[in-house]
Structure formats: C-alpha cells, structure tokens
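Before any comments, here is the structure.
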Amino acid sequence: QVQLVESGGGLVQAGDSLRLSCAASGRTFSSYTMAWFRQAPGKEREFVGCISWSGGTTYYADSVKGRFTVSRDNTKNTVYLQMNSLKPEDTAVYYCAGPSYWRPPGARIRVDEYDYWGMGTQVTVSS
C-alpha cells in the first residue's frame with residue numbers, strides 16, 4: 001500500500017520558517033516528479049512547487065517563488081518543502097503528491113497529474 005505522510009506543520013508568526021517533510025512508503029518515487037500543493041479554507045487546492053526525479057529541476061507558484069524551496073532525498077524516499085518568510089496568506093493544509101507512472105520532466109502543476117496524496121499537514125501563519 002502506497003502512503004505519503006506529511007509532517008512538520010504548525011503555528012508560526014509571519015516571517016518565520018518551517019520545513020515540511022513527506023515520507024513515502026509502499027513504493028519508491030525516486031524516478032518521479034514529486035509535488036507540494038496547498039488548500040486554504042473555502043479555496044481550491046493549488047500548486048506550490050514540484051521537483052524532478054534527480055532534484056535538478058524545480059518549479060514554483062509565483063506566490064511562493066523566492067521564499068519556498070522543494071528538495072528531495074531519494075535514499076530516504078522523502079521530499080521536503082522549506083518555507084521561509086512565511087505570510088498569513090500561506091495558511092493552508094499542505095499536501096504532498098506523487099504520480100503512479102512516469103511522465104517526462106516538466107512543470108507538473110495540475111492536481112490531476114498526481115495519483116497519490118498524503119493526508120496533509122496544517123500550516124497556520126499569524127500576523
């Protein structure tokens with residue numbers, strides 16, 4: 001059974017940093033693009049960032065570019081999201097996502113490009 005488990009969320013103040021982790025089990029995702037999405041109350045799930053299988057290529061939403069960094073450790077089957085200079089508008093549940101089959105590397109920013117999802121971790125940023 002494939003599982004993605006996010007951790008590292010919490011309540012922080014504006015300007016603070018957090019590092020989220022996504023640990024995968026049940027299969028290896030070392031050959032696949034992995035992504036982070038987020039969903040705020042009353043809003044649709046939105047793309048945050050993704051990373052190619054090698055870690056050499058990353059893409060980010062404009063709203064987080066320059067503040068967030070996606071990385072991965074394929075030896076641990078784990079993906080990370082480093083979030084700096086957090087803002088109240090970053091408040092959301094953050095989800096890790098992975099595909100069920102290989103696609104060519106690229107900006108995989110759509111929800112329907114991913115088949116496996118974690119349960120999410122809450123990030124709350126107070127002003």
Side-chain angles (χ1 to χ4, degrees):
Q1 182 181 359
V2 178
Q3 279 193 315
L4 299 176
V5 179
E6 303 93 340
S7 62
L11 172 62
V12 297
Q13 293 186 330
D16 285 351
S17 298
L18 275 177
R19 188 194 196 204
L20 306 184
S21 299
C22 170
S25 61
R27 68 174 292 176
T28 177
F29 286 94
S30 60
S31 299
Y32 301 88
T33 294
M34 298 291 289
W36 287 94
F37 287 76
R38 67 186 181 185
Q39 188 166 17
K43 295 188 177 181
E44 293 187 351
R45 192 167 298 190
E46 65 173 4
F47 172 77
V48 173
C50 66
I51 186 167
S52 63
W53 69 272
S54 67
T57 303
T58 53
Y59 296 93
Y60 299 97
D62 288 342
S63 58
V64 306
K65 204 171 292 182
R67 299 188 298 121
F68 289 13
T69 302
V70 182
S71 61
R72 65 191 301 164
D73 184 341
N74 287 337
T75 65
K76 297 180 179 179
N77 216 18
T78 299
V79 182
Y80 305 96
L81 179 65
Q82 177 68 43
M83 305 184 294
N84 298 330
S85 302
L86 282 161
K87 304 176 181 180
E89 50 264 44
D90 295 319
T91 295
V93 178
Y94 283 72
Y95 298 91
C96 174
S100 61
Y101 63 93
W102 187 89
R103 295 179 176 90
R108 305 293 174 192
I109 66 172
R110 301 198 320 266
V111 170
D112 63 4
E113 294 185 287
Y114 299 91
D115 307 290
Y116 299 110
W117 295 83
M119 295 298 292
T121 185
Q122 176 71 47
V123 173
T124 303
V125 185
S126 64
S127 57

Quick one: are [X] and [Y] in side-chain contact, heavy atoms under 4.5 Å?
{"X": "Asp90", "Y": "Met83", "result": "no"}
{"X": "Ile51", "Y": "Tyr60", "result": "no"}
{"X": "Thr69", "Y": "Tyr80", "result": "no"}
{"X": "Met34", "Y": "Pro99", "result": "yes"}

(request) With sequence neighbours left out, write down each residue that passes ring pair (Phe, Tyr, Trp, His ring centres under 6.0 Å) with Phe37, or none if nothing qualifies. (result) Phe47, Tyr114, Trp117
(message) Test of understanding: with ring pair (Phe, Tyr, Trp, His ring centres under 6.0 Å), list the residues that count as partners of Phe29, not counting sequence neighbours.
(response) Tyr116
(message) Can you list everything that forms a side-chain contact (heavy atoms from CB on, under 4.5 Å) with Ser25? Sequence neighbours excluded, please.
(response) Gln3
Establish whether [X] and [Y] are linked, either directly or via other cluster members, by ILVMFWY side-chain heavy-atom contacts under 4.5 Å.
{"X": "Val48", "Y": "Val70", "answer": "yes"}
{"X": "Trp36", "Y": "Val5", "answer": "no"}
{"X": "Val111", "Y": "Leu4", "answer": "no"}
{"X": "Phe68", "Y": "Tyr95", "answer": "no"}
{"X": "Trp102", "Y": "Val79", "answer": "yes"}

Using distance only, find each side-chain donor-acceptor pair of residues 12-20 under 3.5 Å and give its atom names and separation, not counting sequence neighbours.
| residue | atom | partner | partner atom | Å |
| --- | --- | --- | --- | --- |
| Asp16 | OD2 | Gln13 | N | 3.1 |
| Ser17 | OG | Asn84 | OD1 | 2.9 |

(request) Using the test disulfide bond (SG atoms under 2.5 Å apart), find all partners of Cys50 that sit at least two apart in sequence or belong to another chain. (result) none
Holding to salt bridge (charged side-chain N to carboxylate O under 4.0 Å, His left out), I want the full list of residues that pass it with [X], two or more places apart in sequence or in another chain.
{"X": "Arg27", "answer": "none"}
{"X": "Arg108", "answer": "Glu113"}
{"X": "Lys65", "answer": "Asp62"}

(request) Sort and list the pairs that fulfil disulfide (SG to SG under 2.5 Å) and have at least one residue in residues 61-127, not counting sequence neighbours. (result) Cys22-Cys96
(message) Tell me every residue that passes side-chain hydrogen bond (donor to acceptor under 3.5 Å, both in side chains) with Ser30, counting only those two or more places apart in sequence or in another chain.
(response) Thr28
(message) List the residues meeting side-chain hydrogen bond (donor to acceptor under 3.5 Å, both in side chains) with Tyr94, not counting sequence neighbours, and say none if there are none.
(response) Arg38
(request) Return each pair, listed once, that meets salt bridge (charged side-chain N to carboxylate O under 4.0 Å, His left out) where at least one residue sits in residues 116-127; pairs must be two or more places apart or across chains. (result) none
(request) Give, for atom OG of Ser54 and atom CG of Asn74, the distance between the pair rounded to the nearest 0.5 Å. (result) 8.5 Å
(request) Keeping the roles fixed (side chain from Thr91, backbone from Val125), state whether a donor-acceptor pair exists under 3.5 Å. (result) yes
(message) Please give me the minimum heavy-atom distance between Ser21 and Thr78, naming the atom from each residue.
(response) CB-CG2, 4.5 Å
